[in-house]
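Below: the structure, in structure tokens.
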Amino acid sequence: MKLLQKSKKSLGQNFLIDKNIINKILKVVKVNKNNTVLEIGSGYGNLTKAITTMQPRKLIAIEKDKKLFSFLNNQFANYKNMKIINEDVLNFIEKKNLEKNIIVFGNLPYNISTKILASLITLKKWPPWYQVLVFMFQKEVADRILAKNRTKAYGRLTVLSNWRLEITKHFDVSKNSFIPRPKVNSTLLSFRPKKNNTYYLKNPKNLEIVTRVLFSNRRKMINKNIKKLFSKNMSILKNLNLNLNVRPEELSNETYYKIATHYEKLLG
Ligand code: SAH
């Protein structure tokens, strides 16, 4: 594949060139003629082109790079059911009037992949406008998303991701499948919104606050940081039977959700 320009690190540009992998990505979810598909960061349109062969009702491609945006416009000039948008996806996600049940694909720009995922999780409206997310991450990030507690990889990203999403790991992808070749391998994950969110929060930011404070020092026991969050209102935590002499990675996802709901109660 010939590149138009030097690939931009600042935009996390690593283009997928392995046709087998592209085909495997498309097998993860069935796209049919009723579906609207959104692709994040279409680049030179390798994955985009494969998506068009599934003939979705509508395909929205978002690309921040102006040059690549023009390239995509030329490349797909004949596809009438396609909308190419030159915008930062982080702005796009916040939009209010997106239609329902969108299937989202993204070989994500690695420098903002966790930001993109977090903003899709913390949307005000739930269930959200998407029915499934199919995302490529650096393997190390995917490992953090999938981690079990009491492991090194377990952390804020694990807790947040599992709060509202069912996560499936599909396969690892060699760094040789991209140009320019990144330093590390990748992993393909998919996410489906949980319909009944047992741990309801008025403001998802409160879960982010709780995990930020509690994971601020992985090596220390949580007692000081819990007191920081709840100050004089520690009694509110009584029925959680929380052991304060443990490290943050020892708590389960559910315990974090419970702490966050109590924290929210405290705020009134
Ligand atoms: N999907 C393509 C490209 C993946 S690289 C492929 O598989 O080959 C990531 C792409 O995301 C690049 O094209 C990059 O320009 C684009 N990108 C980076 N930051 C973005 C942002 N904030 N919003 C939208 N697109 C972005």
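Every number for a ligand or one of its atoms is a count from 1 in the order of the listing.
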Test E264 against N203 for side chain to side chain contact (heavy atoms under 4.5 Å, CB included), laying out the working first.
-> CA-CA 8 Å; E264 203 164 67; N203 186 355; 3.9 Å; yes

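Protein residues with any heavy atom under 4.0 Å from ligand 1: L11, G12, Q13, N14, F15, L16, E39, G41, S42, G43, E63, K64, D65, L68, E87, D88, V89, N107, P109, I112.
The distance between the ring centers of Y256 and Y263 does not fall below 6.0 angstrom.
Salt bridge absent: E140 and K183 never bring a charged side-chain N and a carboxylate O closer than 4.0 Å. At a threshold of 4.0 Å, the pair R218-E250 does not count as salt-bridged, since none of the basic side-chain nitrogens sits closer than that to a carboxylate oxygen.
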Side-chain polar contacts of residues 68-85 - donor-acceptor pairs under 3.5 angstrom, sequence neighbours left out - could you list them?
from, atom 1, to, atom 2, distance (Å)
S70, OG, K66, O, 3.1
N73, ND2, F69, O, 3.4
N81, ND2, P56, O, 2.8

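When atom types are taken as modelled, the side chain of N107 and the backbone of G41 share no donor-acceptor pair closer than 3.5 angstrom.
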